[in-house]
*Asks:* 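This structure is in structure tokens; I'll ask about it shortly.
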Amino acid sequence: MKKIRIGLLGLGQIGSGLYEILISKKRQFEKQLGVSFEIVRIAEKYPNRRRKVRPPQSLVTKDAFDVVRDPSVDVVVELIGGTTFSGEIIKTAFKEGKHVVTANKALLAEHGDEIFELAHRMRRWICFEASVGGGIPCLKALREGLVANNIESIYAIINGTTNYILTQMTETGMDFAEALKGAQKKGYAEADPTLDIEGVDAAHKLAILVRFAFGGRVKFSDIYSEGITRISSDDIAFAKEFGYVIKLLAIAKKSKNGVEARVQPTLLPKTHILASVNQSFNAVMLRGDETGDVMFYGRGAGPHPTASAVIADLMDISKRDIDGPVDDETVIRALGSEIEIKSITTILSRYYLRFYVIDQPGVLAGISKILGRHKVSISDMIQRERSVGKVVPLILLTHEAPEKDVRAAIRVIDRLSFVKGKSQVIRIEEAGS
Ligand SMILES: NC(=O)c1ccc[n+]([C@@H]2O[C@H](COP(=O)([O-])OP(=O)(O)OC[C@H]3O[C@@H](n4cnc5c(N)ncnc54)[C@H](OP(=O)(O)O)[C@@H]3O)[C@@H](O)[C@H]2O)c1
């Protein structure tokens, strides 16, 4: 029976989940897949810390470099996270002739060129299914099932924390701060939730998807990202009145006009299939030129779903000749020339605009005039009952307009004396529905 000897780095949430499955299903994998996965070394930063799993102490070291330099290890599974130390350790693993499996989206999004180049140069495998969509096998689908297609677009909900928060806000009417607190209590949000709520985690995953869907290098800083911290319960309620829900979408589109890639809160028609992806679930919708839309739905995070994707990668590696040199076509394609991502200011979109204004004559005319002057035309509006002299919300939906014109108009509107606070601007996507 083929043996794959694993050096496991990190015994946190995912590392422990992986350990549990590899131990509990060892016989099943041997019987069904004909491969024996053996964890031969484990690195833990604090070996004495109480953990969910208790591997034999003889396997454990404090020094991750002991693991990557151990001649008995075939595959290093990096589940530490971060970019600095994990980058160093993965590069060392390649130089030591090891194959690598990682779930580290931040590292691959921000330093992918360096990591993929080294994997290619050292002729080792790098596998990272768990880095996007946790248990959802969307990268494998891109690589294999959709190979006949040119991918035209990606619409994805790939951050469970923000999807959970927006679902709570939508279903209960609670505001963002309260929904975030609830998410933290339930373990769906970290104590420091910045990377999730500011859209950075979703942007990391989108960078990886774009790279493998469109084939080429991606500069992470070119991906525009906007989080959900400014979404209010009012916005969610008004969107609903227009027939939309608000979702944090990762969007990429490729056309003859170039490539767009961004993470943004989005008004999505409530009839759209992604609108019913709720709670902490994730979904990735890919449009191939041959298949049309294909959607993957499931748990985008969590110890067991994510470890499931890590094991799929280990399985892939076990099917290959692990001792010979590697030519990974997928990595070669992803090292192609840089994909030029259009600046956000050059895109065309429809917009939801929400203003808080003093209720007085001429307000709507004043705002419409400024929008008109910037060639932004209104398609729909909600103006609350009159409450003269008080601050009331005014909501406008626009026809398609260039982002730069909308931004210029909003800059002028925000300076009007009857406009209170910063205006809200949310893009609307019909997302091919
Ligand atoms: N959590 C998810 O649902 C999820 C989903 C998809 C992908 N991922 C990715 O999976 C990776 C791991 O995430 P996680 O949630 O499992 O993180 P985690 O719970 O924080 O676990 C990280 C582990 O790495 C250990 N570690 C840190 N520095 C180390 C070092 N120098 N040597 C050895 N061990 C070290 C930590 O040890 P101590 O406990 O002793 O500090 C901790 O056990 C990250 O890249 C993350 O982005 C996570």
Side-chain angles (χ1 to χ4, degrees), residues 7-21 39 41-55 59-70 73 76-90 92-93 100-112 115 126-139 156-164 183 186-196 200-209 280-282 284 298-313:
L8 174 57
L9 309 180
L11 212 50
Q13 288 201 62
I14 311 304
S16 299
L18 177 69
Y19 185 88
E20 278 176 335
I21 303 177
I39 300 177
R41 293 305 294 279
I42 298 174
E44 284 183 51
K45 199 170 182 184
Y46 302 106
N48 296 328
R49 187 172 276 179
R50 276 177 71 98
R51 303 189 190 268
K52 236 170 110 197
V53 294
R54 285 170 171 270
L59 302 187
V60 178
T61 169
K62 266 200 286 201
D63 186 354
F65 286 94
D66 281 352
V67 175
V68 296
R69 294 198 173 113
D70 186 326
V73 168
V76 168
V77 178
E78 184 275 311
L79 297 171
I80 291 175
T83 55
T84 311
F85 183 75
S86 54
E88 281 314 306
I89 204 87
I90 286 179
T92 308
V100 172
V101 176
T102 179
N104 195 332
K105 57 247 172 178
L107 178 69
L108 297 182
E110 294 181 26
H111 304 283
I115 298 292
I126 168 123
C127 299
F128 43 89
E129 184 63 59
S131 65
V132 181
I136 305 173
C138 53
L139 294 175
I157 294 173
I158 38 178
N159 182 270
T161 306
T162 45
N163 204 36
Y164 179 82
K186 291 212 154 179
Y188 290 128
E190 311 251 351
D192 177 1
T194 315
L195 286 182
D196 293 318
V200 181
D201 175 76
H204 282 149
K205 294 164 184 168
L206 183 63
I208 298 169
L209 275 173
S280 62
F281 279 92
N282 282 204
V284 179
R299 294 263 173 222
H304 281 228
T306 309
S308 158
V310 171
I311 293 170
D313 281 345

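Each ligand, and each atom within it, is numbered from 1 in the order the structure gives.
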*Asks:* Quick check: closest heavy atoms across Lys205 and Asn159, and the distance to 0.1 Å?
*Replies:*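 Looks like NZ-CA, 4.4 Å.
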*Asks:* For the residue pair Ile21 and His304, establish whether any side-chain heavy-atom pair is separated by less than 4.5 Å.
*Replies:*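 Result yes, sub-4.5 Å side-chain heavy-atom pair found.
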*Asks:* Quick one, list the residues around ligand 1 where some non-hydrogen atom comes in under 4.0 Å, by chain and residue number.
*Replies:*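 Within the 4.0 Å shell of ligand 1, which is judged on heavy atoms, sit Gly10, Leu11, Gly12, Gln13, Ile14, Ala43, Glu44, Lys45, Tyr46, Arg49, Arg51, Leu79, Ile80, Gly81, Phe85, Ala103, Asn104, Lys105, Ala130, Ala301, Gly302, Thr306.
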*Asks:* With the side chain counted from C-beta on, respond yes when Leu139 and Ser131 share a heavy-atom pair under 4.5 Å apart, and no when they do not.
*Replies:*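 Of all side-chain heavy-atom pairs linking Ser131 with Leu139, at least one is under 4.5 Å.
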*Asks:* Is the Phe65 ring parallel, tilted or perpendicular to the Phe85 ring (thresholds 30°, 60°)?
*Replies:*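 Perpendicular: the ring planes of Phe65 and Phe85 meet at over 60°.
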*Asks:* Tell me, with the steps shown, if Ile158 and Val284 meet side-chain contact (heavy atoms from CB on, under 4.5 Å).
*Replies:* CA-CA 7 Å; Ile158 38 178; Val284 179; 3.9 Å; yes
*Asks:* Answer with yes or no whether the side chains of Thr194 and Asp192 bring together a donor and an acceptor at under 3.5 Å.
*Replies:*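 Note: Asp192 and Thr194 side chains meet the donor-acceptor criterion.
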